[in-house]
Amino acid sequence: MDASTFRRFFCTRLLSHLEARTIIRRESNPEDRRESFILLGEAGHKYAELLDGADEAFVKQYFSQIDMSVLEQMLETIKKVNRAIKESADTESR
């Protein structure tokens with residue numbers, strides 16, 4: 001089994017597992033029946049809501065103690081790091 005076949009096999013099994021647990025659901029693309037859209041299922045929506053609450057609590061507890069200008073500077077730094085990573089990945093894929 002080559003790497004590409006293994007990746008497809010692994011992804012299919014993973015998606016089937018998540019679908020069985022209602023974390024995701026698949027819908028056929030009406031424009032191309034060979035493709036599927038992957039959407040959150042019932043359990044996936046509940047989990048997303050749980051994460052949203054945890055994120056909000058984390059932000060209130062920790063980020064509320066940091067000056068807004070410092071947070072804005074941190075965000076700009078993260079954006080620069082993300083651009084550098086993307087540029088590096090683009091260069092490596094050529």
Side-chain angles (χ1 to χ4, degrees):
M1 181 182 305
D2 68 357
S4 177
T5 303
F6 178 76
R7 280 192 295 270
R8 282 194 303 273
F9 171 76
F10 178 77
C11 286
T12 300
R13 285 193 53 160
L14 177 61
L15 291 174
S16 294
H17 176 74
L18 294 172
E19 191 173 27
R21 296 179 62 201
T22 71
I23 294 172
I24 64 161
R25 63 186 174 88
R26 296 184 233 199
E27 282 186 10
S28 294
N29 179 352
E31 295 178 15
D32 186 345
R33 307 294 283 172
R34 296 170 296 171
E35 295 179 348
S36 294
F37 296 121
I38 307 299
L39 308 165
L40 285 179
E42 184 179 339
H45 280 288
K46 288 178 183 177
Y47 189 67
E49 288 175 16
L50 179 68
L51 289 177
D52 284 344
D55 283 348
E56 188 175 327
F58 181 84
V59 167
K60 282 182 181 177
Q61 184 171 354
Y62 298 107
F63 284 90
S64 64
Q65 300 174 27
I66 301 172
D67 184 63
M68 184 58 74
S69 64
V70 173
L71 291 173
E72 289 170 350
Q73 183 180 5
M74 182 178 72
L75 179 61
E76 286 306 312
T77 302
I78 291 169
K79 286 179 181 179
K80 288 178 183 178
V81 169
N82 282 337
R83 279 193 298 272
I85 291 169
K86 184 180 182 321
E87 289 170 6
S88 176
D90 289 346
T91 302
E92 289 175 8
S93 66
R94 292 180 194 162

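On a predicted model such as this, the values are computed, not experimentally measured, just so you know.
Sparse packing is recorded around CZ of Arg13, with 12 or fewer heavy atoms of other residues, nucleotides or ligands lying under 6.0 Å away. Within 6.0 Å of the CZ atom in Arg26, the count of heavy atoms belonging to other residues, nucleotides or ligands exceeds 12.
Annotation: the span from Thr22 atom OG1 to His45 atom NE2 amounts to 10.0 Å, rounded to 0.5 Å. Note: Arg7 CZ to Leu14 CG = 14.5 Å, rounded to the nearest 0.5 Å. Residue Leu15 holds its CG atom at 9.5 Å from CZ of Phe10, rounded to the nearest 0.5 Å. For the atom pair CG (Leu50) and CG (Asp55), the distance works out to 9.5 Å, reported to the nearest 0.5 Å.
Side-chain N or O atoms of Gln65 include one that pairs as donor or acceptor with a backbone N or O of Gln61 at under 3.5 Å. Between the Thr91 side chain and the Glu87 main chain, a donor and an acceptor come within less than 3.5 Å of each other.
Lys60 has a carboxylate O that lies under 4.0 Å from a charged side-chain N of Glu56, or vice versa, which qualifies the two as a salt bridge. For the pair Glu49 and Lys46, the salt-bridge criterion is not met [side-chain N within less than 4.0 Å of a carboxylate O].
At least one side-chain heavy atom of Met74 sits less than 4.5 Å from a side-chain heavy atom of Phe63. At least one side-chain heavy atom of Asp90 sits less than 4.5 Å from a side-chain heavy atom of Lys86. Contact of the Leu71 side chain with the Leu75 side chain is not registered, since no non-hydrogen atoms from C-beta on lie closer than 4.5 Å.
With hydrophobic clusters built from ILVMFWY side chains whose heavy atoms lie under 4.5 angstrom apart, Phe58 shares a cluster with Ile66.
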Decide yes or no on side-chain contact (heavy atoms from CB on, under 4.5 Å) for His17 and Arg21, but give the supporting numbers first.
CA-CA 6 Å; His17 176 74; Arg21 296 179 62 201; 3.4 Å; yes

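Just one residue in the list Ile38, Ile23, Leu40 forms a side-chain contact (heavy atoms from CB on, under 4.5 Å) with Leu18, and that residue is Ile23.
Summarising the geometry of Pro30 relative to Phe37, their closest heavy-atom pair is CD-CE1, 3.8 Å, with the distance given to 0.1 Å.
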